[in-house]
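Residue numbers start at 1 and run along the sequence shown.
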Amino acid sequence: MIGERNITKSKPNFSQYVINKLGITYLHYDSESLADNFTFAVWPNQKNKSTTKPEADFLEEMFNITVTPINDQAPELKTKGLRLKVLQGNRLVLGPENLKVEDPDSPPEEVRYMIIRNPNNGFLAMGHRPHIPVHHFTQADIDNSQVWFIQDGSPFSRVFYFSVTDGQHRPLYKLFHLDVIPISITLVNLTDLLLPQGQTTIPITSAYLSAVTNGRSPQITYKITWPLQHGYLLVENQVVISFGQEDLNSGKLSYHMTNLTASEDQLRFSLFTSESNLTGETLCIRVQPLLQVMSNLTIANRVAHQLRRKDLDATELANRTNSDPKFEVTEPPVHGRLVRRVARGTAMEDTTLFTQKDVDQGLLMLEPHANLTGTDRLNDSFTFLLRAAHVQPATGCLPFTKVPPDPFLLQTFTPDVFSLVVTADNLVTSGLSQEKLVVSSGPTAQTGTLGKLTQTRWKEADPWGRHSGEEPTLDVKASPTRVIWPPDATKASPGAPTQPREGSLLLIIIIPLAVVVFLLIVTAVALCVWLLGQKTEKAKPLIKPQINLEPTPPGPRPERSIAVPTVTVTALLKSSNSPPVSLFRAPQCEHMQKSPVIEPVEKCAPWETWVNLDPDMVKLCQQTNPTLKHNQYWV
């Protein structure tokens, strides 16, 4: 500046006379720069001449300006979190990313730190003297990575207390945290070892057992802490009680089972490095059953499901061992039961032991009875022990999911659906299952007459309107045979709450049954009244004086004796010379064979008009007309 005028590029000239008289002034902008300069040219110039710079005969020089700083600003801490994470027993550089203090008017060399309280889990040292603790250092030392923290190996995190100043202002006091990361061994793989049923040796690789460490020593050693109960470990055909991670990585380690009566074993071990250890670990070794199991089995609740080979298939095990594999149930279903058909009959009993042959023959039934209120599916399972000759037993499990039954299927599941058919050769019972009809047949002796079908009352009510406790039986005089429907195939567990949708279905079943029972009662009362009225009339003779060898024209003819006999309505066995008769309409009366004692009578089965049987079973049902013996009458 010259006086009040600034020297600029547009007006850069001034004379020696002005300098001598007024001088020039340099004004600093209060920046942190400590040096400045300007360049000038000088030449002689006469008065009243142009002040343009000549092309020659001039002198050019640079004028340097030194700025003396004024320490008027305090140091400022730039680091947000004063924290350093260090591995246990390790050393780490304390850099500017961990501790940074800036002073605009002081260089880093003049920003000085002082340790007021030392950490008790290590010490600070300079890089060129790592074994000697230091208590003073500067920001320049930190910026140059010369300050180190040496951890003493203790697993505890601590702090140190320090102050920082530029020598002119009051010091800053701060706490610096030293977080110690303990040296550890971590198991990254610990998976059950599955030994296929029938094998005795299996390699143990890093896929089943693997560990890593964050320490400086990468060598990890495994040591058995409890002897194996049913086998031993081998490394290149040598029995060992300790091995390294490199043995697992290379696949040299293997397990050999010697006890073929055991289904599992346990490898208990500890891990060691030169800096750390890990104890109390266990690797489970289990025999994997040679079995195919249905993975997504879904069954309807309260509807018996017949187990088949597609659900449990141990055929391959049977072929390898030339035996019939046995299933021993160790944990039954939580919400249901497993039943088995007794011998060749149809009676069911709870079972905990069955074979693959039983499964193939369809003798196993799974009966779920869960409370599905508030949910539409419930998972369940049962666990078993699979045994076969000359191989280890293996633990298996069959999971399944219970869902509410199909409403349409439930409506058709009434007492009318259960059909009972008796022929000369076979006894067939048809029951409704989840997927298809289950037909059980067994040989019976051929009989000429059929006993009466009696059905006792069930003691406890089940969801289908029956009572539990007893079962319907078929008594045949010549060949006693009992037909039993599984009492729990459709029975809910006592006391279990019923779903609203099942309640409505029960009404659909109970109301028609009540109507049928009412009609039967009315018919029985009317019949009794009619018989009592006819008791006072004169009885007509059933046997005419003369023998009529010609058959009478067809037509219904009631016959009765003088005394009202006690009769039982029964189904009739098939005769080889009688055609089949429909069970859904009253059959036409036919002539009986000629008899020298009594006149031929017409066969009628009025009870068939109210029997409502399954249409598919009608084809199997036929009626016969056995010859009446002495003192036998048609009613």
Side-chain angles (χ1 to χ4, degrees), residues 32 34 69-186 211-221 271-279:
E32 296 302 325
L34 302 180
I70 299 175
N71 195 351
D72 57 352
Q73 296 187 21
E76 182 179 359
L77 181 64
K78 296 296 183 180
T79 310
K80 296 295 182 181
L82 298 179
R83 187 176 297 273
L84 179 67
K85 293 184 178 181
V86 59
L87 186 64
Q88 179 182 357
N90 204 353
R91 61 181 65 184
L92 195 63
V93 173
L94 184 66
E97 66 276 3
N98 309 116
L99 184 58
K100 180 71 173 179
V101 172
E102 292 183 354
D103 188 354
D105 51 14
S106 299
E109 291 80 5
E110 295 182 5
V111 178
R112 295 183 295 275
Y113 293 87
M114 183 177 68
I115 304 299
I116 300 176
R117 188 177 66 190
N118 293 315
N120 54 5
N121 61 347
F123 58 91
L124 295 175
M126 302 303 291
H128 57 281
R129 292 184 298 176
H131 302 293
I132 301 176
V134 296
H135 302 283
H136 301 274
F137 51 90
T138 65
Q139 184 63 48
D141 296 331
I142 296 177
D143 294 342
N144 296 326
S145 301
Q146 292 297 314
V147 182
W148 289 66
F149 173 69
I150 312 299
Q151 214 278 327
D152 60 5
S154 63
F156 309 107
S157 297
R158 294 292 185 261
V159 298
F160 68 87
Y161 191 46
F162 70 95
S163 66
V164 57
T165 181
D166 60 353
Q168 295 292 329
H169 298 83
R170 296 181 59 181
L172 294 174
Y173 296 92
K174 297 291 181 181
L175 280 175
F176 193 95
H177 295 265
L178 297 168
D179 296 334
V180 177
I181 301 174
I183 295 178
S184 62
I185 303 175
T186 304
V212 295
T213 179
N214 59 358
R216 291 172 293 181
S217 176
Q219 184 70 28
I220 300 177
T221 302
L271 300 88
F272 298 93
T273 66
S274 59
E275 302 167 313
S276 182
N277 62 77
L278 181 64
T279 61

Among pairs that include at least one residue of residues 88-124, which meet ring-ring contact (aromatic ring centres under 6.0 Å, His included), considering only residues two or more places apart or in two chains?
Tyr113-Phe137, Tyr113-Phe162

Is there a side-chain contact (heavy atoms from CB on, under 4.5 Å) between Asn120 and Phe156 once you walk through the steps?
CA-CA 9 Å; Asn120 54 5; Phe156 309 107; over 6 Å; no

Indicate the atoms forming the closest heavy-atom contact of Pro96 with Ile142, along with that distance.
CD-O, 3.5 Å

Measure the spacing between CG of Asp141 and CD of Gln146 and express it to the nearest 0.5 Å.
7.0 Å

Under the ring-ring contact (aromatic ring centres under 6.0 Å, His included) definition, can you give me all pairs with a residue in residues 72-99, not counting sequence neighbours?
none

Please name all residues satisfying side-chain hydrogen bond (donor to acceptor under 3.5 Å, both in side chains) with Asn144, sequence neighbours left out, ordered by chain then number.
none

Check: Gly81 main-chain N/O paired with Thr79 side-chain donor or acceptor under 3.5 Å:
no

First locate atom CZ of Phe176, then atom CG of Leu124, and finally report the distance between them rounded to the nearest 0.5 Å.
8.5 Å

On a heavy-atom basis, which atom in Ala125 and which in Pro130 lie closest, and how many Å separate them?
CB-O, 3.5 Å

Exam field: side chain Ser157 to backbone Val180, donor-acceptor pair closer than 3.5 Å
yes

Is the shortest side-chain heavy-atom distance between Phe149 and Asn121 below 4.5 Å?
yes

Separation between CG (Leu92) and CG (Leu87), nearest 0.5 Å, reads 9.5 Å

Rounding to 0.5 Å, atoms CD (Gln139) and CD (Glu109) come to a distance of 10.0 Å

Ignoring hydrogens and angles, tell me if any N or O in the side chain of Gln151 forms a donor-acceptor pair with the backbone of Gln88 under 3.5 Å.
no

Minimum heavy-atom separation for Arg117 and Val159, please, with both atom names.
NH2-CG2, 3.8 Å

State, with a plain yes or no, whether a side-chain heavy atom of Glu275 is found less than 4.5 Å away from one of Ile185.
no

If you define the side chain from C-beta out and look only at heavy atoms, does anything of Asn277 sit under 4.5 Å from Phe272?
yes

What residue pairs, at least two apart or across chains, pass ring-ring contact (aromatic ring centres under 6.0 Å, His included) with a residue in residues 70-93?
none

Validation row: Thr213, Gln219 side chains within 4.5 angstrom (heavy atoms)
no

Any side-chain heavy-atom pair from Leu82 and Leu77 closer than 4.5 angstrom?
yes

For Asp166 and Gln73, work out which heavy atoms get closest and say how close.
OD2-O, 3.3 Å

Look only at the side chain of Ser276 and the backbone of Ile183, and say whether a donor-acceptor pair between them is shorter than 3.5 Å.
yes

Looking at every heavy atom in both Ile116 and Ser163, which two are closest together, and how far apart are they?
CD1-CB, 3.9 Å

How far does CD1 of Ile115 sit from NE2 of His136, to the nearest 0.5 angstrom?
9.0 Å

List the residues meeting salt bridge (Lys or Arg N to Asp or Glu O under 4.0 Å) with Arg158, not counting sequence neighbours, and say none if there are none.
none

Quick one, Lys174 with Val164, criterion side-chain contact (heavy atoms from CB on, under 4.5 Å). Give me CA distance, side-chain angles, the key distance, then yes/no.
CA-CA 9 Å; Lys174 297 291 181 181; Val164 57; 6.0 Å; no

Does anything in residues 80-105 form a salt bridge (charged side-chain N to carboxylate O under 4.0 Å, His left out)? List the pairs, not counting sequence neighbours.
Arg83-Asp179, Lys100-Asp143

So do Asn214 and Ser184 actually touch side chain to side chain, heavy atoms under 4.5 Å?
yes

